[in-house]
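Each remark here refers to the structure printed beneath this line.
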Amino acid sequence: MNLVLVEHADGVATDVSLQALALAAGLGGEVQALLIGPGGSAAADGVPAAVVHVAEHPALGAFAPDAWAAIICGVAERVGATAVVAPGTGPATDAMARAAVRLGEPLATNVSAVTAGTPLSLTRLRWGGSLLEEAELHAGRALLTVAPHAIAGVAAGAPGSVEAFTPELAEADLVVRVRDHVAPPAGGVSLADAKVVVTGGRGVGSAEGFGVIEELAVLLGGAVGCSRAVTMSGWRPHTDQVGQTGNKIAPEIYIACGVSGATQHIAGAKGAKRILAVNTDPDAPIMSIADYAVVGDLHEVVPAVSAELRRRRA
Ligand SMILES: Cc1cc2nc3c(=O)[nH]c(=O)nc-3n(C[C@H](O)[C@H](O)[C@H](O)COP(=O)(O)OP(=O)(O)OC[C@H]3O[C@@H](n4cnc5c(N)ncnc54)[C@H](O)[C@@H]3O)c2cc1C
């Protein structure tokens, strides 16, 4: 029997959780699900698992990774799960790492394929998705996270049954918890949903220099992204960063201006259908992976593109 941790938002299971359910189905045997915190009961209605366990507790309003770990371990033990699969998101991975320590079992993260057997054969995404690792997992109870968007999720559907319960939590389980959420600036299109992303790198030169990037993004109905060199310089917030340690995006077109194309940056933009690079250096790494490349100063090229768009729309 395989247990899947299902994250949920606004009363529905997240896409990556449906992908975790699909990965668990590949292990064979019955799949049960675990939802934690407020809104779990509502979201349980769309989770197609034999049994959906919903952990409800007044202290679970804020994410607390040790509390989640305690709940995951408790349910896994109670139902005799041979594997626990979770979405490869920040919070779920945090909780699974803590669960692995409690259970004394290894955790395999970012799994994109699994073949049942002893040991389990896994494919894992490494180095921000630049490398596929073939691995064997020797474990009494396999703990896995699914690489986000690497496989198709199951369709939402009705559960066999729903069992709500109140977990026992120790004071120590609630020491680490989220105290505050900082919302990104309101308005505009989110990086996650944008069909067009216009990104600026160190080549933009300053926070003020992003005016031309913002202007083009607005004209194209897109979102602004940036490289880590930019966030490290304090020109843009980390919420705008694309890459291994930033957002993973999948727009129709990715317009990278003054970005060199470091592996860690491209790790976040791999999902883009097309890449257009604007760079003064024809030998910059991004030029070799771009579908379209303009060799030139972004402060001339980008405003010229915006002006042409405005002229054609006038
Ligand atoms: C563990 C780790 C994680 C990381 N995670 C991330 C991540 O998530 N995201 C990320 O972006 N980076 C990440 N990095 C950093 C990454 O390795 C690079 O250092 C970073 O992406 C470089 O940013 P950049 O391309 O803006 O700057 P640079 O590499 O300095 O490139 C600037 C580019 O701008 C061009 N340019 C200069 N002036 C102009 C102009 N006027 N017009 C047009 N082009 C111009 C230059 O030719 C150059 O190609 C990570 C690094 C590590 C070690």
Side-chain angles (χ1 to χ4, degrees), residues 16 88-91 93-94 97 109-110 124-131 133 145 147-150 182 184 190-192 194 196-217 219-220 222-251 253-272 274-309:
V16 188
T89 59
T93 307
D94 189 345
T109 55
N110 272 327
R124 297 176 61 217
L125 266 56
R126 303 290 308 274
W127 292 9
S130 310
L131 186 93
E133 175 189 271
T145 69
H149 311 299
V182 180
S190 80
L191 268 177
V196 178
V197 173
V198 187
T199 277
R202 201 197 308 270
V204 173
S206 65
E208 299 70 39
F210 267 83
V212 294
I213 305 290
E214 284 171 352
E215 182 188 27
L216 182 58
L219 280 165
L220 295 173
V224 172
C226 71
S227 69
R228 181 152 122 170
V230 168
T231 51
M232 299 288 276
S233 302
W235 301 343
R236 303 289 299 186
H238 182 261
T239 46
D240 284 0
Q241 185 178 312
V242 173
Q244 185 180 327
T245 47
N247 294 281
K248 312 275 186 296
I249 56 170
I253 183 147
Y254 187 59
I255 306 177
C257 310
V259 173
S260 61
T263 316
Q264 297 90 350
H265 181 81
I266 298 305
K270 274 197 168 70
R274 293 272 184 278
I275 297 178
L276 162 60
V278 181
N279 201 301
T280 44
D281 179 2
D283 296 322
I286 194 147
M287 300 306 237
S288 61
I289 55 163
D291 299 279
Y292 315 100
V294 180
V295 179
D297 184 339
L298 72 92
H299 291 291
E300 293 171 10
V301 176
V302 175
V305 172
S306 296
E308 180 63 15
L309 282 170

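Counting convention: from 1, in listed order, for ligands and their atoms alike. As the structure is a prediction and not an experimental result, all values here were calculated from the model.
The main-chain N or O of T245 is found under 3.5 Å from a side-chain atom of H238 such that the two form a donor-acceptor pair. Counting only distance, with no hydrogens or angles, the side chain of N247 and the backbone of Q241 share a donor-acceptor pair below 3.5 Å. K248 places no side-chain N or O within 3.5 Å of a backbone atom of A269 that could act as its donor or acceptor partner. Remark: side-chain polar atoms of H265 are paired, donor with acceptor, to backbone N or O of V242 under 3.5 angstrom. Not a single donor-acceptor pair under 3.5 Å links the side chain of D297 to the backbone N or O of T280.
Taking a cut-off of under 4.0 Å to the non-hydrogen atoms of Q244, the atoms of ligand 1 that pass are 7 (C), 8 (O). Using a 4.0 Å cut-off to heavy atoms of T245, the atoms of ligand 1 that qualify are 3 (C), 4 (C), 5 (N), 6 (C), 7 (C), 8 (O). The contact set between ligand 1 and A262, taken as ligand atoms under 4.0 Å from a residue heavy atom, comprises 16 (C), 17 (O), 18 (C), 21 (O). Near G296, meaning under 4.0 Å from any of its heavy atoms, are these atoms of ligand 1: 42 (N), 43 (C). Atoms of ligand 1 found under 4.0 Å from any heavy atom of G201 (numbered from 1 in listed order, with element): 26 (O). Taking every heavy atom of G246 and a limit of under 4.0 angstrom, the matching atoms of ligand 1 come to 8 (O).
For atom 17 (O) of ligand 1, the closest non-hydrogen atom of the protein is Q264 OE1, 2.8 Å. Scanning the protein heavy atoms around atom 29 (O) of ligand 1, the nearest turns out to be S260 OG, 2.7 Å. Considering only non-hydrogen protein atoms, atom 7 (C) of ligand 1 sits nearest to Q241 NE2, 3.1 Å. Of the protein's non-hydrogen atoms, R228 CB, 3.5 Å is the one closest to atom 13 (C) of ligand 1. The protein heavy-atom contact nearest to atom 46 (C) of ligand 1 is N279 OD1, 3.5 Å. The protein atom (non-hydrogen) at minimum distance from atom 37 (C) of ligand 1 is G203 CA, 3.4 Å. Scanning the protein for heavy atoms near atom 34 (O) of ligand 1, the closest one is G258 O, 2.9 Å. Among protein heavy atoms, the minimum distance from atom 26 (O) of ligand 1 is reached at S227 OG, 2.5 Å.
Residues V212 and H299 meet the side-chain proximity criterion, which asks for heavy atoms closer than 4.5 Å. In this structure, R126 and N110 have side chains that are not in contact, with every pair of non-hydrogen atoms separated by 4.5 Å or more. Looking at D240 and T231, their side chains never come closer than 4.5 Å, going by heavy atoms from C-beta outward. At least one side-chain heavy atom of V305 sits less than 4.5 Å from a side-chain heavy atom of L216.
Contact annotation for atom 19 (O) of ligand 1: protein absent (non-hydrogen atoms, distance under 4.0 Å).
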Task: Derivation and outcome, side chain to side chain contact (heavy atoms under 4.5 Å, CB included), residues V224 and F210 - done: CA-CA 9 Å; V224 172; F210 267 83; 4.2 Å; yes

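The closest non-hydrogen atom to atom 44 (N) of ligand 1, taken over D281, V242, T231, T280, comes from T280. Across the listed options H265, E300, M287, H265 owns the non-hydrogen atom lying nearest to atom 21 (O) of ligand 1.
A search for salt bridge (charged side-chain N to carboxylate O under 4.0 Å, His left out) contacts involving E214 returns R236, not counting sequence neighbours.
Residue L298 has at least one N or O atom closer than 3.5 Å to an N or O atom of ligand 1.
Residue P285 places no heavy atom under 4.0 Å from ligand 1.
Side-chain contact check for T109 and R124: at least one donor-acceptor pair (N or O, by modelled atom type) lies under 3.5 Å.
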